[in-house]
Asks: 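Can you read through this structure? Questions will come right after.
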Amino acid sequence: MKETILTQKKNGMAVLLLTILLYLIGIAVFVYGVMGFETNEGISALRLTAFIIGIVWVSLGWFPLLGLRILKPQEALVLTLFGKYIGTLKGDGFYWVNPFCGSINPAATTKLSQSGDVAAASSSLAKDLSAVVTAASLTPESLNKKISLKMMTLNNNRQKINDCLGNPIEIGIAVIWRVVDTAKAVFNVDNYKEYLSLQCDAALRNIVRIYPYDVAPNVDTTGDGIADEGSLRGSSEIVAARIRDEIQQRVADAGLEIIEARITYLAYAPEIAAVMLQRQQASAIIDARKMIVDGAVGMVEMALERLSENNTVELDEERKAAMVSNLLVVLCGNHDAQPVVNSGSLY
């Protein structure tokens with residue numbers, strides 16, 4: 001299906017004024033014909049003809065007004081005539097088309113969730129009323145068959161997915177998209193909004209399972225056979241770009257363009273979050289201890305070198321060992337050291 005843009009239909013104002021003018025003329029002709037019934041001379045053929053033409057036009061003269069269409073900026077209208085696609089109106093303006101033409105938009109009543117935190121009606125009564133209104137198609141939105149060409153945001157609910165190491169994580173994405181081909185969006189898929197939502201979930205699952213949550217050894221995320229340091233937490237820009245490309249590949253046949261995809265939420269699943277937090281804390285403690293020990297050893301070496309250079313104190317090996325031990329205890333301890341004064345000899 002190829003989109004056809006109707007560019008010669010922007011004459012709605014002229015048709016409206018012409019219809020109103022003809023309607024006034026028709027009323028005048030009808031009145032002229034009716035005046036013939038009020039005389040006793042009989043009805044002439046001219047007045048009878050005027051009466052018939054006037055009453056027919058007054059009854060059916062409004063029919064051309066059914067072809068008037070008004071579009072706002074960044075809106076489109078897909079038109080069909082007796083089931084055949086004839087073209088698409090694009091751009092703001094006042095249009096006139098064949099009154100028998102119908103507009104079609106299968107996603108007119110579909111509302112995508114703009115946030116995963118948006119809940120349904122709080123009471124069962126509100127839910128029932130909403131279902132009744134939707135089923136009866138009584139809402140103004142259900143009567144609007146216009147297709148928005150604006151950039152829109154889809155924020156699907158958070159998904160629980162296993163990463164490449166099998167750890168369950170929760171992740172959410174926000175996708176910015178728009179319709180670029182109205183014919184494909186309407187005729188190639190049943191409902192392009194629901195189709196987009198489903199493909200976003202599938203693409204997100206396919207990409208996330210390639211990466212670990214955090215950097216892990218011997219993991220290849222690029223597919224070149226070489227281990228790298230890619231991760232969901234550290235390579236969020238790369239992951240988002242791959243998700244966008246994956247979604248775009250899936251929805252191209254639906255006439256949609258994916259402008260951007262961003263990770264909005266990323267965390268371990270609740271069942272392993274506490275364990276992973278302890279793991280991260282242990283890793284942080286080990287790194288901190290390593291840094292403290294490296295610094296303490298350097299300070300001890302510096303102290304011994306300074307004492308030897310200035311000949312401040314001559315220490316034998318045993319006293320050096322005792323000094324090193326005391327300094328390491330003071331520098332590496334978790335608590336402040338308590339000084340002990342030795343007034344006697346070490347021996």
Side-chain angles (χ1 to χ4, degrees), residues 110-124 126-127 130 152-177 191-251 256 258-291:
T110 302
K111 298 297 181 182
L112 291 179
S113 175
Q114 296 301 306
S115 174
D117 298 330
V118 175
S122 57
S123 63
S124 59
K127 294 180 181 179
S130 177
M152 292 175 282
T153 302
L154 169 64
N155 191 357
N156 275 1
N157 294 329
R158 299 170 186 171
Q159 291 192 70
K160 183 183 292 185
I161 308 173
N162 291 340
D163 65 0
C164 67
L165 301 179
N167 298 322
I169 63 172
E170 290 185 348
I171 186 171
I173 59 169
V175 178
I176 301 176
W177 63 283
N191 188 317
Y192 63 89
K193 290 184 179 180
E194 293 180 355
Y195 182 78
L196 171 64
S197 179
L198 179 61
Q199 295 302 329
C200 285
D201 291 343
L204 178 63
R205 190 172 296 274
N206 285 343
I207 297 299
V208 168
R209 65 180 178 83
I210 300 175
Y211 288 84
Y213 179 85
D214 211 342
V215 178
N218 302 323
V219 175
D220 176 24
T221 62
T222 58
D224 57 1
I226 302 176
D228 52 70
E229 295 184 352
S231 65
L232 296 174
R233 190 168 66 92
S235 307
S236 58
E237 294 290 336
I238 298 176
V239 175
R242 294 187 66 174
I243 293 174
R244 191 205 74 83
D245 295 339
E246 179 80 8
I247 300 174
Q248 180 62 70
Q249 182 180 0
R250 292 171 176 268
V251 302
L256 306 180
I258 308 302
I259 300 173
E260 187 179 12
R262 291 291 177 182
I263 297 176
T264 58
Y265 181 83
L266 179 64
Y268 282 111
E271 54 266 27
I272 66 166
V275 177
M276 289 301 177
L277 179 60
Q278 292 179 356
R279 178 183 176 183
Q280 293 177 355
Q281 291 175 343
S283 178
I285 292 174
I286 292 173
D287 293 340
R289 287 293 179 183
K290 182 179 179 181
M291 184 177 298

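Numbers here are sequence positions counted from 1.
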Asks: Would L165 and V219 satisfy side-chain contact (heavy atoms from CB on, under 4.5 Å), going step by step from the backbone distance to the final call?
Replies: CA-CA 9 Å; L165 301 179; V219 175; 4.2 Å; yes
Asks: Do you know the tightest heavy-atom contact between N156 and C200?
Replies: ND2-CB, 4.0 Å
Asks: Can you find a pair of side-chain heavy atoms, one from E271 and one from P168, that are under 4.5 Å apart?
Replies: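 They are in contact (side-chain heavy atoms under 4.5 Å apart), so the answer is yes.
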Asks: To the closest 0.5 Å, what do you measure between NZ (K193) and OG1 (T110)?
Replies: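 If I round to the nearest 0.5 Å, the distance is 6.5 Å.
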Asks: Between the side chain of K160 and the main-chain N/O of E170, is any donor-acceptor distance below 3.5 Å?
Replies: no
Asks: Answer yes if the side chains of R242 and Y211 hold a donor-acceptor pair under 3.5 Å, and no otherwise.
Replies: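 There is such a pair between these side chains.
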Asks: Any chance you could lay out the side-chain contact (heavy atoms from CB on, under 4.5 Å) test for L154 and I173, step after step, and finish with the verdict?
Replies: CA-CA 8 Å; L154 169 64; I173 59 169; over 6 Å; no
Asks: Between A261 and A240, what is the shortest heavy-atom contact and its length?
Replies: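 Heavy atoms of A261 and A240 come nearest at O-CB, 3.2 Å.
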Asks: Report the residue from N206, D245, L198, L196 that forms a side chain to side chain contact (heavy atoms under 4.5 Å, CB included) with R250.
Replies: N206
Asks: State plainly whether the residues R262 and E237 are in salt-bridge range, i.e. N to O under 4.0 Å.
Replies: yes
Asks: Where is the tightest heavy-atom contact between G230 and S235, given as atom of each residue plus distance?
Replies: CA-OG, 3.6 Å
Asks: Might you confirm whether atom CD of E229 has over 12 heavy atoms from other residues, nucleotides or ligands at distances under 6.0 Å?
Replies: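 Atom CD in E229 is not packed in, count stays at 12 or less.
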Asks: How many angstroms lie between CD1 in I238 and CD1 in I207, if you round to the nearest 0.5 Å?
Replies: 12.5 Å
Asks: Shortest non-hydrogen contact from V239 to S231?
Replies: CG2-O, 4.1 Å
Asks: For G172, does its backbone N or O pair with a side-chain atom of T264 as donor and acceptor, under 3.5 Å?
Replies: yes
Asks: Stepwise, does the side-chain contact (heavy atoms from CB on, under 4.5 Å) test hold for I171 with R158?
Replies: CA-CA 5 Å; I171 186 171; R158 299 170 186 171; over 6 Å; no
Asks: Under 3.5 Å, is there a donor-acceptor pair between the N162 and N167 side chains?
Replies: no
Asks: Does the Q248 side chain pair with the main chain of I258, one donor and one acceptor, at a distance under 3.5 Å?
Replies: yes
Asks: Once rounded to the nearest 0.5 Å, what's the spacing between atom CD1 of I210 and atom CZ of R205?
Replies: 13.5 Å
Asks: Given 3.5 Å as the limit, does a donor-acceptor pair link the side chain of D228 with the main chain of D220, or not?
Replies: no
Asks: Could you check whether atom CD1 of I263 has more than 12 heavy atoms from other residues, nucleotides or ligands sitting under 6.0 Å from it?
Replies: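 Correct, the count exceeds 12.
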Asks: To the nearest 0.5 Å, how far apart are CG in D214 and CG in D163?
Replies: 10.0 Å
Asks: Using the six-membered ring wherever Trp is involved, compare the ring planes of Y213 and Y268 and label them parallel, tilted or perpendicular (cut-offs 30° and 60°).
Replies: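 Ring orientation, 0 to 90° scale: tilted.
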Asks: Nearest 0.5 Å please: distance from the CD1 atom of I243 over to the OG atom of S236.
Replies: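 Going from the CD1 atom of I243 to the OG atom of S236 covers 10.0 Å.
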Asks: Do the side chains of L204 and I161 get nearer than 4.5 Å, heavy atoms only?
Replies: yes
Asks: Is there a side-chain contact between C164 and T221, using heavy atoms and a 4.5 Å cut-off?
Replies: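 No - every pair of side-chain heavy atoms lies 4.5 Å or more apart.
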